[in-house]
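Note that the numbering runs from 1 along the sequence shown for the chain. The analysis underlying the following values was restricted to heavy atoms, covering all of them including side chains, and did not include hydrogens, waters or symmetry mates. None of these values were measured; they are calculated from a predicted model. When a ligand or atom number is given, it counts from 1 through the structure's own listing order.
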Amino acid sequence: MVAPLKVGVAGLGTVGAALVALVARQRAELAARCGRPIEIVAVCARSKAKNRGVDLKKFSWFSDPVKLARDPGIDVFVELIGGAGDPAKSAVEAALAAGKSVVTANKALLARHGTSLAARAEKHRVALNFEASVCGAIPIVKTLRQGLAGNSFSRIYGILNGTCNYILTRMEQEQLAFAACLKDAQRLGYAEANPAFDIEGHDTAQKLAILASLAFGTRVDQSAVYVEGISSIAPADLTAADELGYRVKLLGVAEKTATGIEQRVHPTMVRKDSAIARVMGVTNAVTLDTPGIDPITLVGPGAGGMATASAVVSDLADIARGLRSPPFGRPAAALAAGKKAPMQRHAGGYYIRLNALDRPGTFASIARHLAKEKISLESIVQHRRGERPHGGDDPKSPAAPAPVILITYATTEDGVRRALKAIQKTGLIAGKPQLIRIEKN
Ligand code: HSE
């Protein structure tokens, strides 16, 4: 029998515990598929006493992840600690320097230091695998790195955060307010410890930065991602979207444009009949646009112990089989700097919701400012006062604003922003205009 692949696991949270259970459950299958057993031999966490629902007695115990990373008794170091800094970073670096392959679920670490860690892995001729860092059980990293190694990509976009999709789904289906849905997401354990990380789009941005590097052969650059979260989305937007044939999703989009590569995270209107619009609840999905073939959409669970552990095990299986690819699909030195497309130059359709004062001339003024920026309207919906109540005003009062929904044809971000600023200055609308980008799909 070929010697087992000996694995050390740092971090025994939900994913770590699920990994221990999964490796035990799939022991025979993995040995058969990989030609050698995969054995967890050592673990590391802060508290030894904590009950994690799995038997840890047979593993060596470490309290310092860097020590585990250097331990001669392991072949592979699995990093499930999280965070872009230490101890995760120093432990991963220590493992690579000691000539051990690394498997990590750490999107923050990769989004910040992915290129330099890839270079270290290549220098030491070991693997750096991170399938679990993006979209849990969906094999999107391997799809981009291996499965579609012969394709080029014009755009990739997806629902990369289950918490936001859960919130938007509940808001739409039950006409609930954002805050109530967020509370439920937290209660059910979907949201990160700091919910702002999910709802303000940063979790999606980190995952998008990793996918963009794999798709476009550029250095991972989280700072190039434009980020807007979902906290400003109101039930009124979801209702209006529905009436117009759209659904609102928080998307991460990476796209090749004439001005460079756009990487953007924001609430997005997608056509209700598109594959991505049908993805509801905590489920994740990624669509890949590759010239010459129809778009490919991968859908599945993006978070949770077993879903994430399944991705970790697939990475371990590759190592057990002796497979090693450059982490980002090409040698780190060959990853290009990537020209960042400025968000002001983004071109596309827009949804605009204004609370317009119901007076003669209001609409003419709005139309004039849009025309000045050469913005052409595809549809206009104005509800009667009182049909869609707003704020604390008496909706029947003549002074109360009436919601106006505008859908524009393709225009530019800076043009729309200029027009809305001018419209706000007229004093003919109440509050801030709502702006949601429309994604062609
Ligand atoms: N908070 C993340 C989500 C977990 O909601 O998708 C997985 O990264």
Give me the nearest non-hydrogen protein atom to [atom] as residue plus atom name, then the distance to 0.1 Å.
| atom | result |
| --- | --- |
| atom 5 (O) of ligand 1 | Thr163 OG1, 2.6 Å |
| atom 4 (C) of ligand 1 | Glu192 OE2, 3.4 Å |
| atom 6 (O) of ligand 1 | Gly162 N, 2.8 Å |
| atom 7 (C) of ligand 1 | Lys207 NZ, 3.5 Å |

query: What about Asp198: any of its N or O atoms under 3.5 Å from an N or O on ligand 1?
result: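 Yes, Asp198 has an N/O under 3.5 Å of an N/O on ligand 1.
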
message: We want to know whether Thr412 and Asp414 form a side-chain donor-acceptor pair, criterion being a heavy-atom distance below 3.5 angstrom.
response: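 Their side chains do contain a donor-acceptor pair, which is all the 3.5 Å distance test asks for.
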
Modelled atom types, side-chain donor and acceptor of Glu413 and Tyr350, under 3.5 Å: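 Per modelled atom types, Glu413 and Tyr350 side chains form a pair under 3.5 Å.
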
field: Check: Thr218 main-chain N/O paired with Ser213 side-chain donor or acceptor under 3.5 Å
entry: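 Yes.
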
- request: Could you tell me whether a side-chain N or O of Glu131 sits under 3.5 Å from a main-chain N or O of Ile140, the two making a donor and an acceptor?
  value: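 At least one qualifying donor-acceptor pair exists.
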
- line: Heavy atoms of Arg52 and Leu12 approach each other most closely as NE-O, 3.1 Å

- prompt: Side chain, backbone, both or neither: which part of Asp203 has a heavy atom under 4.0 Å from ligand 1?
  reply: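 Contact part for Asp203 vs ligand 1: side chain (C-beta onward).
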
cation_pi(Arg145, Phe130) dist<6.0 Å, angle<=45: yes

field: For Asn161, atoms of ligand 1 separated by under 4.0 Å from a heavy atom
entry: 1 (N), 2 (C), 3 (C), 5 (O), 6 (O)

field: Contacting atoms of ligand 1, where contact means under 4.0 angstrom from a heavy atom of Ala303
entry: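 Reading through ligand 1 atom by atom, the close ones are 4 (C), 7 (C).
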
